[in-house]
Chemist: 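Next up is a structure, given as structure tokens.
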Amino acid sequence: MPIYRTMSSIQQWTTSLQGLDSLELSEATKPTPSTGEVLVEIHAVSLNYRDFEVCSGEYTHHRSVSQDKPSLVPCSDMCGVITEVGDGVKHWMVGDRVLSTFLPGHQTGQVTEEMMASGIGLPQPGVLAKYRAFPEHALVRAPSYLTDEEASTLPIASVTAWMSINGMRPMGQNGGAGEYVLLQGTGGVAIAGLQIGKASGAKVIITSSSDEKLEQAMQLGADHTINYRTNPNWEEEVTRWTGGHGADIILETGGAQTLRKSFDCIAWGGLIDCIGYLSGKVDAPEDRTNVNLLALRRNVTLKGIINGPKDRFEEMIAFYEKHRIKPVVNRVFSFNEAPDAFKFLANGSHFGKVVVKVA
Ligand SMILES: NC(=O)c1ccc[n+]([C@@H]2O[C@H](COP(=O)([O-])OP(=O)(O)OC[C@H]3O[C@@H](n4cnc5c(N)ncnc54)[C@H](OP(=O)(O)O)[C@@H]3O)[C@@H](O)[C@H]2O)c1
């Protein structure tokens, strides 16, 4: 059936959280900004693994994030331009180019359970739409040297990588120089970690299931690459290549099948950032990881990561601007092709980020 549009209606994608086949293009009333809000014309939306999980009804590991949604606009990461400013808005003007933040309630410090309720793209409506109204505190200024598509990738993937490398250091004391940083796979978080690590002066090791992707990682500056399919004991290779030292920081995006290996190649006093679960959320009973002893064994810090606060996002943007880091956009889909973009992401053949061009 054709969709008829009026001046006050906009297009948006919605999901009933029942799988990617439940994604539906629909019409909605164009939002008007309330007091303290701005209206953003969305130009580009970057997909995250989380968005695939949300659409599939599998983003269930935060008890405070309600799944009880008959219909939801998915996705959290966008770059767009402010087209209307509500009463009382102090920091933004029409024409400003902005980025969303994943948890607008998380402005500084550690994340809390209450802040999870502000999550864009679950439980709050997301950004896979032509327009969205945002409270003014929910946005950061987009770096001018990046395209809309590149800039849209920063809120989740880059901020998560930034916090994994720098979140344990005080603001303004960004480190990494001379440290060994280990990245797992070549998805959005890992490739952002590679770029941040290299710009910081770290020695970066990256794993992948694909030699072709490892070659791409080398071109981005990776110091050492390991194929985790052909070399399943990659933790031994990390230990060998670092001369027995191990990795100082590990961005643990693998989860169930990688954490034990990470404990076996972490440096003494090193940091394992628990970020993701691409190899599963739950250990097989025979692989049970005795985290208590493993953490104690080398005086390891195990840190759960949920993205990062707005002030650290802005700190990261200043770092990106200084080093002119260009996020890696692997493929751009049109707005109408959004379901194909999700399938492409879920299939895991990408290197870096997958983006939907909206405007
Ligand atoms: N906690 C947070 O704040 C946060 C933020 C962002 C993401 N995450 C989580 O972190 C994970 C990564 O997110 P992402 O956005 O980077 O995902 P992504 O872009 O979808 O990454 C996919 C890539 O991960 C790699 N991979 C798959 N299985 C793997 C395994 N068994 N071991 C190592 N690598 C594997 C593959 O790389 P190759 O093809 O190169 O093998 C695959 O292409 C997800 O679980 C996501 O939910 C958490």
Side-chain angles (χ1 to χ4, degrees), residues 46-56 58-62 65 75-77 101-103 106 110-111 115-116 119-122 153-164 167 182-195 205-218 220 222 225-232 234-235 238 250-262 272-281 283 287 303-309 312-313 327-331 341-355:
S46 158
L47 300 191
N48 290 289
Y49 191 76
R50 169 185 190 266
D51 305 322
F52 161 68
E53 284 187 288
V54 167
C55 292
S56 311
E58 289 169 12
Y59 191 76
T60 52
H61 52 278
H62 295 296
V65 177
C75 300
S76 60
D77 291 10
T101 53
F102 167 49
L103 294 176
H106 189 197
Q110 290 289 333
V111 66
M115 293 172 192
M116 296 302 292
I120 309 268
L122 192 76
T153 68
L154 299 182
I156 285 198
S158 296
V159 172
T160 301
W162 178 257
M163 292 305 287
S164 299
L182 172 65
L183 308 160
Q184 299 174 344
T186 56
V189 174
I191 296 304
L194 167 58
Q195 295 183 297
I205 309 166
I206 187 163
T207 69
S208 174
S209 56
S210 149
D211 287 342
E212 203 184 320
K213 291 182 180 185
L214 289 175
E215 183 56 43
Q216 284 178 270
M218 289 287 264
L220 280 177
T225 62
I226 310 171
N227 186 318
Y228 64 79
R229 283 270 150 72
T230 55
N231 191 352
W234 49 264
E235 72 281 14
V238 172
I250 301 180
L251 274 64
E252 238 303 326
T253 44
Q257 288 170 38
T258 55
L259 181 60
R260 170 69 219 227
K261 290 173 181 290
S262 291
I272 300 178
D273 293 295
C274 290
I275 302 169
Y277 33 77
L278 288 163
S279 68
K281 288 184 180 173
D283 284 352
D287 295 338
K303 175 83 174 90
I305 296 278
I306 298 179
N307 194 240
R312 304 288 321 236
F313 189 173
V328 178
V329 177
N330 182 233
R331 193 156 160 196
F342 276 97
K343 284 175 197 150
F344 183 70
L345 180 92
N347 164 303
S349 48
H350 58 290
F351 178 94
K353 296 299 295 177
V354 178
V355 171

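First listed ligand is number 1; within each ligand, the first listed atom is number 1.
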Chemist: Which protein non-hydrogen atom lies closest to atom 45 (O) of ligand 1, naming both residue and atom, and how far is it?
Modeler: Y277 N, 3.1 Å
Chemist: Would you confirm whether N307, through its side chain, and P155, through its main-chain N or O, come within 3.5 Å as a donor-acceptor pair?
Modeler: yes
Chemist: Test your reading of the model: is there a side-chain donor-acceptor pair from K353 to the backbone of L154, 3.5 Å cut-off?
Modeler: no
Chemist: Indicate yes or no: does an N/O atom of C274 lie under 3.5 Å from an N/O atom of ligand 1?
Modeler: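 For ligand 1, there is no N or O atom that lies under 3.5 Å from one belonging to C274.
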Chemist: Would one find an N or O of I305, backbone or side chain, under 3.5 Å from an N or O of ligand 1?
Modeler: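 The answer is yes, given that I305 and ligand 1 share an N or O pair closer than 3.5 Å.
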Chemist: Around atom 42 (C) of ligand 1, find the nearest protein heavy atom and jot down its residue, atom name and distance.
Modeler: G348 O, 4.1 Å
Chemist: Of all the atoms in ligand 1, which lie at a distance below 4.0 Å from a heavy atom belonging to N307?
Modeler: 2 (C), 3 (O)
Chemist: Could you tell me whether ligand 1 has any atom less than 4.0 Å away from a heavy atom of K213?
Modeler: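 It does; at least one heavy atom falls under 4.0 Å.
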Chemist: Give the residue, atom name and distance (to 0.1 Å) of the protein heavy atom nearest atom 35 (C) of ligand 1.
Modeler: Y228 OH, 3.2 Å
Chemist: What protein heavy atom lies closest to atom 13 (O) of ligand 1? Include the residue and the distance to one decimal.
Modeler: V189 CG2, 4.0 Å
Chemist: Examine the side chains of S262 and E235 and answer whether a donor and an acceptor come within less than 3.5 Å of each other.
Modeler: no
Chemist: Are T101 and F313 close enough that some pair of their side-chain heavy atoms sits under 4.5 Å apart?
Modeler: yes
Chemist: Taking only heavy atoms of G276 into account, list the atoms of ligand 1 that are under 4.0 Å away from them.
Modeler: 9 (C), 10 (O), 11 (C), 45 (O)
Chemist: Given 3.5 Å as the limit, does a donor-acceptor pair link the side chain of T207 with the main chain of G185, or not?
Modeler: yes
Chemist: Give a yes/no verdict on whether any heavy atom in K353 is under 4.0 Å from an atom of ligand 1.
Modeler: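 Distance cut 4.0 Å: K353 fails for ligand 1.
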Chemist: Counting only nitrogen or oxygen atoms and a 3.5 angstrom limit, does R50 reach ligand 1?
Modeler: no
Chemist: Tell me the protein heavy atom at minimum distance from atom 21 (O) of ligand 1, and give that distance in Å.
Modeler: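 I find the closest protein heavy atom is G187 CA, 3.3 Å.
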Chemist: Return a yes/no value for T207: is any of its N or O atoms, backbone included, closer than 3.5 angstrom to an N or O of ligand 1?
Modeler: no
Chemist: May I ask you to identify the nearest protein heavy atom to atom 12 (C) of ligand 1, giving residue, atom name and distance to one decimal place in Å?
Modeler: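 Here the nearest protein heavy atom works out to L278 CD1, 3.5 Å.
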Chemist: In terms of atom number and element, which parts of ligand 1 are under 4.0 angstrom from non-hydrogen atoms of I306?
Modeler: 3 (O)
Chemist: Closer than 3.5 angstrom, by distance alone: can the side chain of T153 be matched with the main-chain N or O of P327 as a donor-acceptor pair?
Modeler: no
Chemist: Within a strict 4.5 Å, meaning less than it, do heavy atoms of the K303 and I272 side chains meet?
Modeler: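 They are not in contact (no side-chain heavy atoms under 4.5 Å apart), so the answer is no.
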Chemist: Report, in ascending order of atom number, the atoms of ligand 1 lying under 4.0 Å from any heavy atom of S208.
Modeler: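 Result: 38 (P), 40 (O), 41 (O).
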Chemist: So for ligand 1, is T253 a polar contact partner (N or O within less than 3.5 Å, distance only)?
Modeler: no
Chemist: Decide whether an N or O pair under 3.5 Å exists between S209 and ligand 1.
Modeler: yes
Chemist: Does the pair E53/K281 count as a salt bridge with the N-to-O cut at 4.0 Å?
Modeler: yes
Chemist: Looking at N48, is its backbone amide N or carbonyl O close enough to the side chain of D51 to form a donor-acceptor pair, meaning the two atoms are under 3.5 Å apart?
Modeler: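 Side chain of D51 to backbone of N48, a donor-acceptor pair under 3.5 Å: yes, one is there.
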Chemist: Below 3.5 angstrom, do we get any N/O pair linking G188 and ligand 1?
Modeler: yes
Chemist: Would L345 count as being in polar contact with ligand 1, using the rule that some N or O on each side must be under 3.5 angstrom apart?
Modeler: no
Chemist: Please indicate whether any nitrogen or oxygen in G352 is less than 3.5 Å from any nitrogen or oxygen in ligand 1.
Modeler: no
Chemist: State whether the side chain of S56 and the backbone N or O of E58 hold a donor-acceptor pair below 3.5 Å, judged by distance alone.
Modeler: no
Chemist: With no hydrogens and no angle check, is any side-chain donor or acceptor of T253 less than 3.5 Å from a backbone partner on Q184?
Modeler: yes
Chemist: Strictly distance-based, threshold 3.5 Å: is any side-chain N or O of N227 a donor or acceptor partner for the main-chain N or O of R229?
Modeler: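 Flag set: sc N227 to bb R229 pair under 3.5 Å.
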Chemist: So if I count the atoms of ligand 1 from 1 in the order they appear, which ones are less than 4.0 Å from some heavy atom of I156?
Modeler: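 Those of ligand 1 that fall under 4.0 Å from I156 are 5 (C), 6 (C).
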